[in-house]
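Residue numbers start from 1 in every chain, and the chains themselves are labelled A, B, ... in the order their sequence lines are given, proteins ahead of strands.
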Protein chains: 2
Amino acid sequence: MSASVITYDRGMGRWEPNARGRLAQAALTLYNEKGFDATTVAEISARAGLSERTFFRHFPDKREVLFSGTEMVRDLLARTIAEVPATAAPVQAVGAALGAVCGIMQEDPERVRLRDSVVSAHTELRERELIKLAMFASVMTEALIERGVSERVANLAAEQGVAIFKVAFALWVRGPDGSKLTDILHELMAEARGVLGAVSRPHSCAGGSSWPTMGP
Amino acid sequence: MSASVITYDRGMGRWEPNARGRLAQAALTLYNEKGFDATTVAEISARAGLSERTFFRHFPDKREVLFSGTEMVRDLLARTIAEVPATAAPVQAVGAALGAVCGIMQEDPERVRLRDSVVSAHTELRERELIKLAMFASVMTEALIERGVSERVANLAAEQGVAIFKVAFALWVRGPDGSKLTDILHELMAEARGVLGAVSRPHSCAGGSSWPTMGP
DNA sequence: CTTAGTGATGACAGTGACTGACATCATGAG
DNA sequence: CTCATGATGTCAGTCACTGTCATCACTAAG
């Protein structure tokens, strides 16, 4: 409540440290309190005791504040795939990498659920989430190629892994409290094989009008 | 202030028809000529002989102009899955639906490639593309549930189908000219089964620090 | 013919995200 | 002390997008 005391009540140094963290915290709080759209960058900055301009020095846009840990996950995925024994199949390497990410998320389920409620409530944020997942697939693809896997198989394994991860996360995040994301992921990876098992020659179906780009 | 007597200097009176089409055409042209970011809505509107305000009456935002056919594809997916014989497995229904979409795209490969070059060149547009694909998965999931498939399997089949579609499209759009997207899709669906065949109990890997949301 | 209703558009004045340019103020190296 | 550096403030500006009202053509009564 007393957040109004913007003036540096800080005797010792100059500006408070951890500006980035304060901005992120203020943003998450406000996004929850008022919703993403109703929250202005000016408000976030004010609550953090910083100027609007400074917000954009730390985050390229209003959404990115919720996705700042993405690089760490990217590195984890790449590293895990690189470290998996060479005897492992591509899909096993993918499973290990995604399992590592699951492990991280399980460490703080509450925060994950809170963040998910903010993200899933707004289209723009869901878009960013999809970009993040696409990046995961891209990173894993490259890491697999590094292992000597063909581009085609690497891409396929990575995209399928991410697809399964999406389903697992959705089940977990709104499932019972004690459940383990890693368990769900591995269950689904096994199930997925069965689901694809029925592939034969699909039925043909004639197409409709024209490509969904635009009118004349 | 002054009632701004701009009055239609448009000789014949009457506004030209097909405003939406002209806007879409002008936008695609300008996005190609100058790039997406460098193109302002004012320019698009001017080239179409309309006001900026009118642009936003036809398209909710600057990107949507490239994605106006999405609803038609959504309907095609839902309809195709509903029409596939009840004996078909979920993954076959998904294959048939995506095959139908492939059929549409094959009708005008040049336009698809042109549009792809615009979309893949800009992050914001790629985001929209991912939303579109996520919507495909969502629509197919619901259509499968209508057929009596469990939510879990429906979601899995749809997400995997879309994942494979993404890979197929990427291969096709920058592949040789004569190739058929439907063929690539079906090849990959068969391969995907093999890729997942190696699933066993994935290696475990300890996680790192904390969830990728934000700092303190 | 006149009048009122409708639908698409123009005009205008915002709001808010984001950027560029420059000033300011502590800290640390010399 | 001086100067460079890095983080921030301040200000002006662009542009996507919105709300509101006026305008024009067309149409259907009256």
Ignoring backbone atoms, establish whether A:H58 has a side-chain N or O less than 4.0 Å from OP1 or OP2 of D:dA7. no

Can you tell me how far P of D:dC17 sits from NZ of A:K62, to the nearest Å? 13 Å

When all nucleic acid strands are considered with a 4.0 Å heavy-atom cut-off, which category describes A:S51: base, sugar-phosphate, or nothing? base

Let me know the distance between CG of A:N18 and C1' of D:dT8, rounded to the nearest Å. 15 Å

Without decimals, in angstroms, what is the distance between A:L23 CG and C:dC18 P? 14 Å

What is the separation between atom CZ on B:R57 and atom P on C:dG10, rounded to the nearest whole Å? 8 Å

Among C:dA17, D:dA16, D:dG9, find the nucleotide with the atom closest to the side chain of A:V41. C:dA17

In whole angstrom, give the distance that lies between atom CZ of B:F59 and atom C1' of D:dA16. 16 Å

Using whole Å, what does the distance between atom P of nucleotide D:dT18 and atom CG of A:D37 come to? 10 Å

Any donor and acceptor pair, going by atom type alone, linking the side chain of A:R63 with main-chain N or O of A:L125 inside 3.5 Å? no

In whole angstrom, what separates A:F55's CZ from D:dT10's C1'? 19 Å

Of the nucleotides C:dC18, D:dC17, D:dT20, which one has an atom closest to the side chain of B:R53? D:dT20

Classify the angle between the aromatic ring planes of B:F136 and B:F165 as parallel (below 30°), tilted (30 to 60°) or perpendicular (above 60°). perpendicular

Could you work out which one of D:dC17, C:dT9, D:dT20 sits closest to the side chain of B:E52? D:dC17

Just compare D:dT18, C:dA17, C:dC22 and give me whichever is closest to any side-chain atom of A:F56. C:dA17

Less than 4.5 Å apart, any side-chain heavy atom of A:I131 and any of A:F67? no

Checking all strands, does B:S45 fall into the base, sugar-phosphate, or nothing category for heavy-atom contacts under 4.0 angstrom? nothing

